[in-house]
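Read the structure below first, then the notes.
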Amino acid sequence: MSDLASAAAQLRAMHEPGDPLVLVNAWDVASAERAVAAGGRAVGTSSVAIAASLGLPDDPSAPVGPLFEAVGRIAKAVEVPVTADLLNGYGLDPAELVDRLLTAGAVGCNIEDSDHGRPGSLLDSGEVAERLAAIRSAAARAGVDIVINARVDAYVHDGPDATPDVVARGRRYLDAGADCVYPLRLTDPAVVRDVVGGLDAPVNANFGASVADLAAAGAGRVSIGPRGFFSALSAFEGLAAELLVDQRRPAV
């Protein structure tokens, strides 16, 4: 646990507004190793990418065993801190969630506030805050101060004018014990600046503008989600199409 606690502290310290932690989100050992070889100081996973690579749904109905096993293989393969995208926690009791996370060797997690029981809706922010606080308490009992990245999905469901709700939710999640606020689809440096100003805490932006511009706006973390996975699939699809084109032509 002392090694995990040290890794968690190291990961937390990387969230420096203006000098952000850049995560090229991985989905397996090969992608994680390449992210680190390219200079990654930490590895983040993508729930969408891991689920798709395992043939599982990216929703709370997915069996959690294979998902945490994938995170574990990544954490074992790299010498940098690993933070896992855990959707909304898959309905796990906070103590079990933290235990599975630490057993896998990861020291951070994303927890989102989308309501998967009501697609297109957000959970009540108070309910989310209670869950974050319970995860924080469970981590304290386990002896590892994990890094909690609280994902706010207001831009996804309510559009680009949702900044006031993003800030209000972000403040509540920070008060509950989150370390960083992650407004999904936050890519505009001007909006990043507004959110950072409203929270005065590390903010996770998505790659869209350059990393330099996001850093100048005050982002403390930049990630790409499943973008790398889909880029890899696209390249593979192109290669397959090129190689198999003759087999698709009708016989004459």
Is there a continuous path of hydrophobic side-chain contacts, each under 4.5 Å between heavy atoms, that joins [X] to [Y]?
| X | Y | result |
| --- | --- | --- |
| V222 | V191 | yes |
| Y90 | I148 | yes |
| V166 | Y182 | no |
| L184 | F207 | no |
| V48 | L67 | yes |

Testing V181, V152, V203, N204 one by one against V195 for a side-chain contact (heavy atoms from CB on, under 4.5 Å), which residue passes? V203
Scan I111, L92, N110 and name whichever one has a side-chain contact (heavy atoms from CB on, under 4.5 Å) with L86. I111
Enter the distance from [X]:[atom1] to [Y]:[atom2] here, rounded to the nearest 0.5 Å.
| X | Y | atom1 | atom2 | result |
| --- | --- | --- | --- | --- |
| R131 | N88 | CZ | CG | 6.5 Å |
| E33 | E79 | CD | CD | 10.5 Å |
| L199 | L174 | CG | CG | 6.0 Å |
| D59 | L87 | CG | CG | 7.0 Å |

[X] and [Y]: side-chain donor and acceptor closer than 3.5 Å?
| X | Y | answer |
| --- | --- | --- |
| S121 | D115 | no |
| R169 | S125 | no |
| T45 | D85 | no |
| N206 | T187 | no |
| S6 | D3 | no |

Is a side-chain N or O of [X] found less than 3.5 angstrom from the main chain of [Y], in a donor-acceptor match?
| X | Y | value |
| --- | --- | --- |
| D58 | A51 | no |
| R171 | G198 | yes |
| R136 | L132 | no |

In the structure I gave you, are the side-chain heavy atoms of [X] and [Y] within less than 4.5 Å of one another anywhere?
| X | Y | answer |
| --- | --- | --- |
| D158 | D153 | no |
| S46 | F229 | no |
| P202 | R221 | no |
| L56 | P63 | yes |
| D188 | V192 | no |
| V64 | R100 | yes |
| H15 | V147 | yes |
| D124 | V128 | no |

More than 12 heavy atoms of other groups within 6.0 Å of [X] [atom1]:
| X | atom1 | result |
| --- | --- | --- |
| R227 | CZ | no |
| R41 | CZ | yes |
| D200 | CG | no |

Salt-bridge criterion met for R151 and D113 (N-O under 4.0 Å): no
